[in-house]
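These notes concern the structure reproduced below.
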Number of protein chains: 2
Amino acid sequence: MTTTGEGTDHRAPAGPPAASADLPAATVRRLPEYLRALGALSESGVETVSSETLAAATGVNSAMLRKDLSQLGASGMRGVGYDVAALATHIAGVLGLTKDSRVAIIGLGHLGQALARYPGFSDRGFDIVGLFDADPGIIGRDLDGIRVRDVALLARAVRDEGINIGVIATPGAAAQHVADLLVDAGVTSILNFAPCVLAVPQGVVVRKVDLAVELQILSFHEHHKTLGPETAQYRRTGRQSAGPEDRLRRRR
Amino acid sequence: MTTTGEGTDHRAPAGPPAASADLPAATVRRLPEYLRALGALSESGVETVSSETLAAATGVNSAMLRKDLSQLGASGMRGVGYDVAALATHIAGVLGLTKDSRVAIIGLGHLGQALARYPGFSDRGFDIVGLFDADPGIIGRDLDGIRVRDVALLARAVRDEGINIGVIATPGAAAQHVADLLVDAGVTSILNFAPCVLAVPQGVVVRKVDLAVELQILSFHEHHKTLGPETAQYRRTGRQSAGPEDRLRRRR
DNA sequence: TTCTGTGAAAAGCTTCACAGCT
DNA sequence: AGCTGTGAAGCTTTTCACAGAA
């Protein structure tokens, strides 16, 4: 996503600070991983880290990590590495995590409830400010201090409460309707857990997570393992060296 | 999004018949989507479908769909399209869904419990046969008829009960240990929801789903919303999921 | 010396455009 | 006519390999 043939030929000479907008999609996908690994390092008291070490902690190639970071405008110190704290701050800034996002979850079946209570969201700067469902049996319930409201109130809540991310955890049949409500109310970022493709206008970003799809992909690999004994080469999963760095990771 | 340990495959030298093994990773990722759309079509009574229609239902380009299917060895009828039922059967076969997989979920916090009850798993041929946790307060509980067992019993259960997929939904700190248990017991397919990179031997496929990562990617796009929305790229409604995000696009 | 930043090459993925079957 | 199957082109992502800063 967001790719442009950039990277090398930045036309205007006097390059400003450096655009962190318009990064390659593949890079953006990896930034949260880097950020998480940096957080772990920071908690261990590490102050600087080499691309090699950080790459190992995130499962990528070190050259790619360096390229990602340089595209971001971040910079390390040759011969030394990257400053853990500064880099984390920089990445958080690029990801827009400096201000908390306001999230609504629509659909509070088992999955929606689990998402509502998932500590990883609030831990990483996402405020869950609205829970909505269409089932009268669920509306009015309290989940960790947030009351579930009728989905009919969604549009107003989006506007009044500054909600800018919608998480759809409804059954597939309701998902498009909910997406329409969100989009009409002005939400332009949607995370969709329903097993269906959503139609949304340009400018609205939808990311889809389908848990069953993940299992089916595993099934494929499982099914084809018997064939080509060593034709398929799975890179990266293998450990390269019981490096001293990976054993650390304590409390989140 | 999300993925880990994808194959970088080098095809075997001479390609005899037409293997459905060794498909490009990108193709494999789309197969479950095709299958879902075919299921929906089938329920609507549709018997044949064109690549254009099926592509629209899954949010991909029709040429790509055709290429995916031909790589699979499936074939349509020129001038007509694809037989819905036959194609669904074929894809299910390639994905190895003809025999049910046996799944264990380790870690039954909110997320694990939601996964244990997620109907999309059993609906699509995944039997959840084991639930494991380390917390005595959870061990012994019954979730939809399955009793949560002590994780100390995991290895034996894997062997005795033919478990071939492990789903890790523990906190990050416990995930590597659980992965080691699974691998030692012979599991070669792991779905990891814990926010950490797992080290596993070659041959073990790990897919990672990190819900917070998805939100952070949305945050990035939300944060960088600006300029040039004048690139009509996908007709009609927008695109879906981890699709191309484009913007500047030179004309040729 | 160590380790970053980056051209250049390689690999992979997607789209185009059209030949050719039904 | 309608639609598939596919070579070729274009684009993106990854990896290599090394110049050069600290």
Side-chain angles (χ1 to χ4, degrees), chain A residues 1-10 15 18 22-31 48-56 58-84 86-87 233 235-236, chain B residues 1 3 5-11 15 18 22-31 48-56 58-84 86-87 231 233-235 239-252:
Chain A
M1 2 177 101
T2 326
T3 11
T4 298
E6 54 119 48
T8 343
D9 60 315
H10 259 82
D22 213 27
L23 296 169
T27 296
V28 173
R29 222 182 302 127
R30 286 184 293 263
L31 295 183
T48 62
V49 65
S50 69
S51 63
E52 198 65 54
T53 302
L54 186 54
T58 51
V60 306
N61 174 299
S62 67
M64 200 164 69
L65 171 69
R66 290 196 298 277
K67 193 155 275 188
D68 281 343
L69 295 184
S70 78
Q71 246 164 338
L72 223 98
S75 70
M77 297 161 279
R78 297 191 184 208
V80 179
Y82 298 85
D83 182 281
V84 170
L87 184 53
Q233 195 136 301
R235 60 142 192 200
R236 210 205 95 289
Chain B
M1 356 244 171
T3 75
E6 260 317 293
T8 301
D9 21 30
H10 276 301
R11 60 213 61 243
D22 210 25
L23 295 169
T27 296
V28 173
R29 217 182 304 126
R30 285 185 293 263
L31 294 184
T48 62
V49 64
S50 69
S51 63
E52 198 66 53
T53 302
L54 186 55
T58 50
V60 306
N61 174 299
S62 67
M64 200 165 69
L65 171 68
R66 289 197 297 278
K67 195 154 275 192
D68 281 343
L69 296 185
S70 80
Q71 250 167 330
L72 224 93
S75 71
M77 296 161 279
R78 295 187 185 210
V80 180
Y82 297 84
D83 182 278
V84 171
L87 185 52
T231 328
Q233 136 96 354
Y234 264 76
R235 73 307 73 161
R239 153 238 354 121
Q240 184 40 235
S241 125
E245 180 88 319
D246 334 337
R247 33 197 340 186
L248 308 170
R249 184 84 173 234
R250 291 178 195 194
R251 38 193 60 62
R252 302 163 288 108

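For the numbers below, each heavy atom of this structure counts, side chains included, while hydrogens, waters and symmetry mates do not. Source: prediction; values computed, not measured.
- Between V60(B) and D68(B), the closest side-chain pair of non-hydrogen atoms is not below 4.5 Å.
- Nearest to the side-chain atoms of S70(B) among the listed nucleotides dG5(C), dC13(C), dG5(D) stands dG5(D).
- When the side-chain nitrogen and oxygen atoms of S51(A) are compared with OP1 and OP2 of dC3(C), none of them lie within a distance under 4.0 Å.
- Contacts of A63(A) with the nucleic acid, taken as non-hydrogen atoms under 4.0 Å apart, include base atoms.
- E52(A) places its CD atom 14 Å from the C1' atom of dA17(D), with the value rounded to the nearest Å.
- D68(B) has its CG atom 12 Å from the P atom of dG5(D), to the nearest Å.
- Residue S62(A) is out of contact with every strand shown, counting any heavy-atom pair closer than 4.0 Å.
- Note that the CG atom of D22(A) and the OG1 atom of T27(A) stand 11.0 Å from one another [nearest 0.5 Å].
- Within the nucleic acid shown, T27(A) has no heavy atom closer than 4.0 Å to any nucleic acid atom.
- R66(A) has its side chain out of reach of L69(A): every pair of non-hydrogen atoms, C-beta onward, lies at least 4.5 Å apart.
- The terminal axes of the helix from dT1(C)-dA22(D) to dT22(C)-dA1(D), fitted over 5 pairs per end, subtend an angle of 10° to the nearest 10°.
- In terms of phosphate contacts, Y82(B) brings no side-chain nitrogen or oxygen within less than 4.0 Å of OP1 or OP2 of dG2(D).
- Between N61(B) and dC13(C) there is no side-chain N or O to OP1 or OP2 distance below 4.0 Å.
- R29(B) has its CZ atom 7 Å from the P atom of dC13(C), to the nearest Å.
- At whole-Å resolution of the value, CG in D83(A) and C1' in dT4(C) are 15 Å apart.
- Across dC18(D), dA8(C), dT6(D), the shortest atom-to-atom separation from the side chain of K67(A) is found for dA8(C).
- Rounded to whole Å, the distance from CE on M64(B) to P on dC11(D) is 17 Å.
- Taking atom CD of Q71(A) as the reference point, atom C1' of dT12(D) lies 11 Å away to the nearest angstrom.
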For nucleotides 20-22 of chain D, give me every protein contact, N/O to N/O, under 3.5 Å, one pair per line with atom names.
unit_1, atom_1, unit_2, atom_2, d
dG20(D), N3, R78(A), NH1, 3.3
dA22(D), O4', R78(A), O, 3.2

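- Picking from dC13(C), dG5(D), dG5(C) the nucleotide with the shortest atom distance to the side chain of R66(B) gives dG5(D).
- Remark: P of dT13(D) and CG of L65(A) are 16 Å apart, rounded to the nearest angstrom.
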